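What follows is a set of notes on a single structure, which appears directly below.
Order of listing sets the numbers, starting from 1, for every ligand and every atom in it. Just so you know, residue 1 is the first one in the sequence shown, and it goes up from there. Computed from a predicted structure; not experimentally measured.
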Amino acid sequence: MKNIIIEAPAKINLTLDVKGRRADDYHELVTVMHQVSLLDRIRLEKANEITISSTSTSIPTDENNLAFQAAYLLQQHLGKKEGVKIFIEKHIPVGAGLAGGSADAAAVLLGMNKLYGYDLDYESLWEIAFKLGSDVPFCLGNVSAIAKGRGEQLTPLPAIKELSFLLVKPDFQISTREVFAEFSLDKVKTSPDIDAFLKAWHEYDIIKLANNMANVLETVCIPKYPEIMKIKDEMKWHGALAAIMSGSGPTVLGLFQDQKMLQSAYEGFTKDYKEVFKISSYVRSE
Ligand code: C5P
């Protein structure tokens, strides 16, 4: 095998609660992460050096790219010298709360492991993934999960029937680090009810699921960027059962049951926004 193509699906948070700031300055999370059918495609080719190229001009093509760091850490872990030529066909918006960089990094770990036949088990890949970032361990897997701690303590959830979403990313990026730095528990009026969310998940009660979708990081982002609230309101006006910000934003996700409403929301939002995606839950095919 000389090269391999790996899919790197975006992550959305169906509910996100922050329990508090930790001694290491990270925040203790309880969130439900879900992979969706908005994908980057990563082509890896055997090479002596690590190099990156991409269809996007908005991501670094050097060691500042998390995908580069993934290849480098894998080399270090194994004490190997093999490099890799990484090509990123970018579709996931950058700085959007969709873990695009983390998904690409996870795909490099999975892909290099296959390409070179390293045969590293999930635990070893998980360790490297966690060094790269809080969302990378989730991106390694192929199931929805409850994520605790920094986001790395994963409890897989049973698969449910495909969910349909509209994603709208306003024309600006938000830094995750800044959102967490500005987060204050005092501003959270009602915390998401994770138990009610999980009960609805297990019963596949889509209305109750929608009613229990919430993201406390909106308390930081909406006052700063009222456009996020406007998108949420418009999404609900179009018939979304729920509309919340994903991760640290600014992308808003709307959960739809009615495909006609989803289509008309898509048509409405594409008049004003460049990055609008009609998507569903992701099922990994390889
Ligand atoms: O882990 P990652 O590098 O992706 O996180 C980016 C930044 O987001 C961290 O430097 C930290 O400031 C913040 N963060 C946090 N609590 C988490 C995850 C991230 O405060 N659970």
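Counting protein heavy atoms only, atom 1 (O) of ligand 1 is closest to S134 OG, 2.5 Å. Regarding atom 9 (C) of ligand 1, its nearest protein heavy-atom neighbour is Y26 CE2, 3.7 Å. Nearest protein heavy-atom neighbour of atom 6 (C) of ligand 1: T176 CG2, 4.2 Å. With respect to atom 13 (C) of ligand 1, the closest heavy atom belonging to the protein is F180 CD1, 3.4 Å.
Salt bridge D258/K260: absent, no basic N to carboxylate O contact under 4.0 Å.
Near R177, the atoms of ligand 1 lying under 4.0 angstrom from a non-hydrogen atom of the residue are 7 (C), 8 (O), 10 (O), 12 (O). Contact atoms of ligand 1 toward L29: 21 (N) (distance under 4.0 Å to a heavy atom of the residue). Counting atoms of ligand 1 from 1 in the listed order, those under 4.0 Å from a heavy atom of R150 are 1 (O), 17 (C), 18 (C), 21 (N). Counting the atoms of ligand 1 from 1 in the order shown, those under 4.0 Å from a heavy atom of G133 are 1 (O).
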Given E89 and R41, is the salt bridge (Lys or Arg N to Asp or Glu O under 4.0 Å) satisfied, shown in steps? CA-CA 5 Å; E89 187 190 300; R41 278 195 185 76; 3.6 Å; yes
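Under the 3.5 Å distance criterion, the side-chain polar atoms of Q69 are matched with a main-chain donor or acceptor of E63. The backbone N or O of L73 lies less than 3.5 Å from no partner atom in the side chain of H77, so there is not a single donor-acceptor pair.
Relative to atom 20 (O) of ligand 1, the option among K19, E28, H27, E178 with the closest non-hydrogen atom is H27.
Classification of the Y118-Y116 ring pair by plane angle, with boundaries at 30° and 60°, yields parallel. The aromatic rings of H27 and F183 stand perpendicular to each other, their planes meeting at an angle above 60°, with 30° marking the opposite boundary.
When the shell of 6.0 Å around NZ of K236 is examined, it contains more than 12 heavy atoms from other residues, nucleotides or ligands.
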